Each structure stands twice: as structure tokens, then as C-alpha cells.
2 protein chains.
Amino acid sequence: MARPRTFDEDAILDRAMLLFWRKGYEATAMSDLVEELGLGRGSIYAAFGDKHQLFVRALSRYLGHQDALLATAFDADGPALAQLRDVLDRLLAADAACGNAGCFSVNSIAELLPHDGEVARLAQRSLRVAEEAFARQLERAAQEGELSATITPEAGARLLLTLVQGIQIVRKVDPDPARTAAGLDSAFALLSGDASKQPAALAPAPA
Amino acid sequence: MARPRTFDEDAILDRAMLLFWRKGYEATAMSDLVEELGLGRGSIYAAFGDKHQLFVRALSRYLGHQDALLATAFDADGPALAQLRDVLDRLLAADAACGNAGCFSVNSIAELLPHDGEVARLAQRSLRVAEEAFARQLERAAQEGELSATITPEAGARLLLTLVQGIQIVRKVDPDPARTAAGLDSAFALLSGDASKQPAALAPAPA
DNA sequence: CATTTACTTGACCGCTCGTTCCAGAACGCG
DNA sequence: CGCGTTCTGGAACGAGCGGTCAAGTAAATG
């Protein structure tokens, strides 16, 4: 052992993530990263290999945050649908952290798939994890009589998963926060089969 | 007037569209375009200005096709919801024309917004046109009693618009055609308030 | 048929890209 | 304290980028 790293790898990954998120993979140059990360080119290459590996590491970190939120957010207390709705709102709110850049995962899928196999695998895993978490929660909603009989938990999970991805696209075009979650409002009103919930937002999470 | 063009501008735009669609804006090099279009660099620049203008022209052409489909597909005959569902299936089918590259519009929004103002304007207009067309058709569905009272035509249009964008993303990750339109199946089942329509597909357009 | 005018081609330009490399700095260790 | 090792920063590199230009070519015109 000799001279130790002067930087925290995770902190660097966070900054790289924000840059790739804002500009996309191809439009982000190594010179941008050198400037943003405050490291010399040599240090970046020694620590992460090359641009693509750095991108994959940054995207993995982003997806890991999402997975962690989904893994810890659900419990068996309180109304299942409202809890699910709250989690989706928090996922969307987290993606507002990067201005109007949308969702890093959605942007990466749109830009790099189907050509980039490594990013494809990450995206597959992430979507599967989310869909399964949604399905489990809708299963509980169904058992507790909250879910409309018109739809199965699995179909509802697929619907919500798809809808959230779509919101990330529409939001980049029309950032109006009032309209951003309108699709979710409608979806939850239909999922619960309750006409009264259509215009207004659902109740927030339990205190 | 002297020597006329040896190429058809629209045919060239179609080929440029396919290339940008497949590879994205930044990843498509002028040398790729020279090879794919079969024109010299000078001819391309003389005809279209620069790479970005060529991209905008290609995207406009793509969006024009979508607008044309939406403008001509609806009439007052037959069940409104089934007609709408058929149009959405045709929109999705048209986007399968470029392998698993998804939707050119969604890809462009994800890659270039919010930084590219010109593409942003095109996308805004296109989404607005689609949403309004959906809303008109759902209005007719409501008048004819096909639409669930749980949702307004405007909210349903927003829901479907968002869902279609989401399908384009999910499809790039999981191209299985059986699962591609599953979200649409669920959405239409919920919109019609009919539990019987959940597992199976809706009826096709009238003969 | 000669002239004019527009279009086509591909060599060429300066620049920026991702990546490599090396000289020097900073720390752990004997 | 000084040696060995690792990390650091930036100069340098070849490749490839988007864009330009001038010479050659083909159609329209009188």
C-alpha cells in the first residue's frame, strides 16, 4: 500500500451520474467529465476503465437507489393502494432531482437500446424488480378488496410500470407538475373502481 | 434552371429517418449518412443544411405520418373504443418497422430534451395533436355509453397518451409482442368498465 | 452546338473525441 | 527518514467528427 485515493468513488459516481443523466451518453465528453468530476483523465481511467464502464457504474448506482426504495417502502400496514401511490410519487419526485432531464433509466433505454447489451441487462432487471414489487402490493390490495375486479394484480403491475415510464417521457415534453401525475390519478381511480377519486388526488401516506 | 436533382428528397429523408431512428442522433455520424443515403457529403449539405436540420426534417416527416394516421383513422361509425384501440395498435405496429428500435419520437425526446428547443417544439405539437384526437374519440365513446363513468374523456386521453409512450420504452427492454400491448389491454378493460374484456383482446375494427 | 447554371463528388480542413502515457507528488512502511 | 508504491494531473496521440470547397458533370437554354 502506498498513496491512497483522494476521492470517494461513490461521490464521483454520483456526479458522473448527474452529468450522463443531464446530457445523455454520447453527448457527454470525457472533457466534460474531467471538468465536472474534478479529477484528471488518468485517475478516471485508472478507477473506472473507460467511458462506457463509468456509465454502466453510474447507471447501476441510480438503479440501485430505485431498487432500495422499492425494497423498503412497502409494509403490510395501511391501505395498499395509497401506499403504492405514495411510492410512485416518491419515485417520480426523486427523478425531479435533475431538472427536467426526466429519468436516467428511461433516457438510457431510449438512447442505447437495443444496441447496448450491458445496459439492456441492467434495464431488464430493474423493470422486472419494479413490476414484481408493484404486483405484490396489488396482490395485497386485491386481498383487502381495494382493487377493482376488472383487473388482476399482474396486469395492474404491468399497467403501472408502463405508465410510469410514459410519464417520464411526457414530462420531458410538458414539465407542468400539475399534469405530470394526471395519468397516475386516472389509473388509480380506475384500479380502485372508485369514481369519487377521479378529479382529486388520493390520500397521502399514513402519518 | 440547369441540372436537376438526381434524388427524391422525401426518399432520402425516409432513409435518414431510419438511420437516426436506429442509432439515435449523436451516435449517427455524417459518414454513416453518406453511406446509407448514397449521396456525397456536399449534396447532403446543399440540400439540408447541416446534420441537425436533416435530423429535424426526418423527425418532422416521421411525426407527419403519425399525424396523418390520427387525422384519417377516426369516423363516427362503429364502436368508438374499439376504433381507438385499433388506431393505437396500428401506431404501435408502425413503430415495429424499425426492428426493436422503439419509437423515433420517444427516442428523440429522451435523448435530446430538454436541451434541443426545436425538437421540443415538434414533440409538444405531436403529443398535443395525439392527446386531442384521443380525447375527441373518448368523448364520442362517453356519449355512446362505452366509457366508464369513473373517468373523463380528457383524463382518459392523457392516460392513453402516457401509456403509449411508456409502451415504447418497455418494448425496447422486453420486445415480447405478447406482453407489449398488455398494458393497453388492461387500460381499455378499465376504461370500458367491463371485467369480461380483461384477459382477451378487444374486437378488431369493423370490416 | 456552345454556353450557362446547377448539382455531384470526394478530397480536405480544423477540431474534438476517447484513450494512453509519463513525470512528479503523496502517502505507507521498514 | 528515505525507499517503494500508488495515485495524480495534464501533455500528447491517432482516429474520427461535422463541415467546406473546388473541380468535374449533366441538363436547360438560345
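The sequence lines fix the lettering, A, B, ..., with proteins before strands; numbering per chain opens at 1. Given the structure is predicted, the values throughout are model-derived calculations rather than measurements.
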Are any of the side-chain nitrogens in A:R140 or A:E146 under 4.0 Å away from the carboxylate oxygens of its partner? no
In plain terms, say whether A:D10 and A:R15 are close enough for a salt bridge, that is, a side-chain N and a carboxylate O under 4.0 Å apart. no
Residues forming a side chain to side chain donor-acceptor pair (under 3.5 Å) with A:E154, sequence neighbours excluded: none
Which range-with-range stems can be found for DNA chain D when each stem has 3 or more Watson-Crick or G-U pairs in a row and both distances sit under 3.5 Å? C:1-30 with D:1-30
Can you tell me how far [atom2] of [N] sits from [atom1] of [X], to the nearest Å?
| X | N | atom1 | atom2 | value |
| --- | --- | --- | --- | --- |
| B:R5 | D:dA27 | CZ | P | 15 Å |
| A:D32 | C:dT19 | CG | P | 14 Å |
| B:M30 | C:dG14 | CE | C1' | 17 Å |
| A:L39 | D:dG10 | CG | P | 11 Å |
| A:Y45 | C:dC22 | OH | P | 17 Å |
| B:I44 | D:dC21 | CD1 | P | 17 Å |
| A:L54 | C:dT19 | CG | C1' | 14 Å |
| A:L37 | D:dT8 | CG | P | 12 Å |

Inspect the surroundings of CD in B:E35 and state if more than 12 heavy atoms from other residues, nucleotides or ligands are less than 6.0 Å away. no
For B:E26 and A:P4, find the nucleotide of DNA chain D closest to each by heavy atoms; which residue's nucleotide sits nearer the 5' end? A:P4
On the 0 to 90° scale, with breaks at 30° and 60°, tag the B:W21-B:F104 ring pair as parallel, tilted or perpendicular. parallel
B:S31 vs D:dG16: side-chain N/O to OP1/OP2 distance below 4.0 Å: no
Is any side-chain nitrogen or oxygen of B:T6 closer than 4.0 Å to OP1 or OP2 of C:dT8? yes
Between the protein and nucleotides 10-13 of chain C, which nitrogen or oxygen pairs are less than 3.5 angstrom apart?
unit_1: C:dG10; atom_1: O6; unit_2: B:G42; atom_2: N; d: 3.1

We want to know whether [X] and [Y] form a side-chain donor-acceptor pair, criterion being a heavy-atom distance below 3.5 angstrom.
| X | Y | value |
| --- | --- | --- |
| B:Q83 | B:D75 | yes |
| B:R171 | B:Q168 | yes |
| A:Y62 | A:D95 | yes |

Please say whether the positively charged group of A:K51, taken as NZ for Lys or CZ for Arg, lies over the ring of A:Y45, i.e. under 6.0 angstrom from the six-membered ring centre and within 45 degrees of the axis. no
For a quick check, tell me whether the side chain of B:R3 and the base of C:dC7 share a donor-acceptor pair closer than 3.5 Å. yes
